[in-house]
Amino acid sequence: MSAIYLLHKPYRMLSQFTDRRGQGEAPRATLADILEVPGIYAAGRLDYDSEGLLLLTDDGALIQRISDPRHKQPKTYRVQVEGCPDESALAALRQGVALSDGMTRPAKVRRLTHSGLAERTPPLDPKRHPLTTWLELTISEGRNRQVRRMTAHVGHPTLRLVRVAIGPWRLDGLAPGEWRREILHAPRNTSRRPPHRKGRGEQR
């Protein structure tokens, strides 16, 4: 059996347990500020300015299965973009767009009337961004800042990005900074398991 931790990474937090900034620079928030389980590592990452679902475990083989692009684990994001994309922009995202590192694979894209998310802290400034649209994108790749580059390519820069699902795992029920532990009943490479520590958002 393997333990996997589902964490809602807040805005402006590193997807790691330490900050490697040099002396004299202001420290940034890290996973150690909200999760105290020794020996676990993130399967993949989220940018400092992105939010949402992050998976962590101490099972190296599971990390490989989740994060390796060859397994094509679908990842779903809710994205607030500048302006109002028309159908041609959405069609381009669905078909694939040409980025500097090649064409993207086809994506699932739909417009949302509601994001279903709490307001970010700090919130977007409505005076700077008077017209925005929420989209839901599902991709099966893991390129650097891919979703942001895709929406910028079609003329609608991403203002807020929240990952809500990775494969079968979903963010449902977790507020920013909350986490829960799940057990996968499958063979694993090592018998070592992290101790169970209750988080603010833990559910069974």
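- In this structure, T76 and L137 have side chains that are not in contact, with every pair of non-hydrogen atoms separated by 4.5 Å or more.
- The CD atom of Q16 sits 12.0 Å away from atom CG of L56, with the distance rounded to the nearest 0.5 Å.
- Atoms CG and CZ, from L14 and R21 in turn, are 8.0 Å apart once rounded to the nearest 0.5 Å.
- When only modelled atom types and interatomic distance are considered, E82 and H129 share a side-chain donor-acceptor pair under 3.5 Å.
- Distance alone, capped at 3.5 Å, is enough to place a donor-acceptor pair between the E178 side chain and the A175 backbone.
- Figure legend: R28 and Y48 shown as a cation-pi pair, the cationic atom lying under 6.0 angstrom from the six-membered ring centre and within 45 degrees of its axis.
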Show your working on side-chain contact (heavy atoms from CB on, under 4.5 Å) between L161 and E51 and close with a plain yes or no. CA-CA 6 Å; L161 185 150; E51 311 160 62; over 6 Å; no
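- Of the inter-residue distances, the one linking I166 atom CD1 with L55 atom CG reads 4.0 Å to the nearest 0.5 angstrom.
- At least one side-chain heavy atom of T132 sits less than 4.5 Å from a side-chain heavy atom of L159.
- Under the 4.0 Å criterion applied to side-chain N and carboxylate O atoms, D125 and K127 are not assigned as salt-bridge partners.
- Donor-acceptor pairing under 3.5 Å is recorded for the side chains of S88 and D86.
- Using a cut-off of 4.0 Å between Lys/Arg side-chain N and Asp/Glu carboxylate O, R111 and E87 are scored as salt-bridged.
- Cluster annotation: L53 and L184 are assigned to the same hydrophobic cluster (Ile/Leu/Val/Met/Phe/Trp/Tyr, side-chain heavy-atom contacts under 4.5 Å, transitive).
- Contact detail for R170 and A165: the closest heavy-atom pair is NH1-CB, 3.6 Å.
- When side chains are defined from C-beta on, P10 counts as touching I34, because their heavy atoms get closer than 4.5 Å.
- The residue from R45, R148, R145 that alone fulfils the side chain to side chain donor-acceptor pair (under 3.5 Å) condition with S50 is R148.
- For residues 133-142, the pairs satisfying salt bridge (Lys or Arg N to Asp or Glu O under 4.0 Å) are R78-E136, R110-E136, E141-R143, with sequence neighbours left out.
- Side-chain contact between L54 and Y5 is absent, with no heavy atoms from C-beta onward closer than 4.5 Å.
- Under the 4.5 Å side-chain criterion, counting only non-hydrogen atoms from C-beta, P85 is in contact with L135.
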The test is side-chain contact (heavy atoms from CB on, under 4.5 Å); show your working for I183 and R181 and say whether it passes. CA-CA 7 Å; I183 296 295; R181 179 180 185 255; 3.8 Å; yes
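- Pairing each heavy atom of Y11 with each of T121, the nearest pair is CD2-O, 3.7 Å.
- Between the side chain of R120 and the backbone N or O of P122 there is at least one donor-acceptor pair closer than 3.5 Å.
- For the pair W134 and R160, the minimum side-chain heavy-atom distance is below 4.5 Å.
- Residue S67 comes nearest to A43 through the heavy atom pair CB-C, 4.1 Å, listed as atom of the first residue, atom of the second, then distance.
- Looking at S15, its side chain does come within 3.5 Å of a backbone N or O of L46 through a donor-acceptor pair.
- Residue L6 comes nearest to L174 through the heavy atom pair O-CD1, 3.4 Å, listed as atom of the first residue, atom of the second, then distance.
- In terms of hydrophobic clustering, with Ile, Leu, Val, Met, Phe, Trp and Tyr side chains grouped at heavy-atom distances under 4.5 Å, L112 and L90 are assigned to different clusters.
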side-chain contact (heavy atoms from CB on, under 4.5 Å) for F17 and I40? Distances and angles first, verdict last. CA-CA 10 Å; F17 287 91; I40 62 172; 4.0 Å; yes
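- Between D47 and K9 there is no salt bridge, since none of the side-chain N atoms of the basic residue sits less than 4.0 Å from a carboxylate O of the acidic one.
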Please walk me through it: do H156 and C84 pass side-chain contact (heavy atoms from CB on, under 4.5 Å)? CA-CA 8 Å; H156 298 276; C84 184; 5.6 Å; no
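- Within the 4.5 Å cutoff, no side-chain heavy atoms of Q80 are placed close to those of T151.
- I139 and A107 get closest at one heavy-atom pair: CG2-CB, 3.9 Å.
- Partner M150 forms a side-chain contact (heavy atoms from CB on, under 4.5 Å) with one of T158, L93, V109 and no other, that one being L93.
- With contacts defined as side-chain heavy-atom distances shorter than 4.5 Å, the pair D33/L31 does not qualify.
- Under the 4.5 Å side-chain heavy-atom criterion for ILVMFWY residues, no single connected hydrophobic cluster contains both V81 and L117.
- With hydrogens and angles disregarded, a donor-acceptor distance shorter than 3.5 Å links the side chain of T133 to the backbone of G83.
- Minimum heavy-atom separation, P74 to T138: CB-CG2, 4.0 Å.
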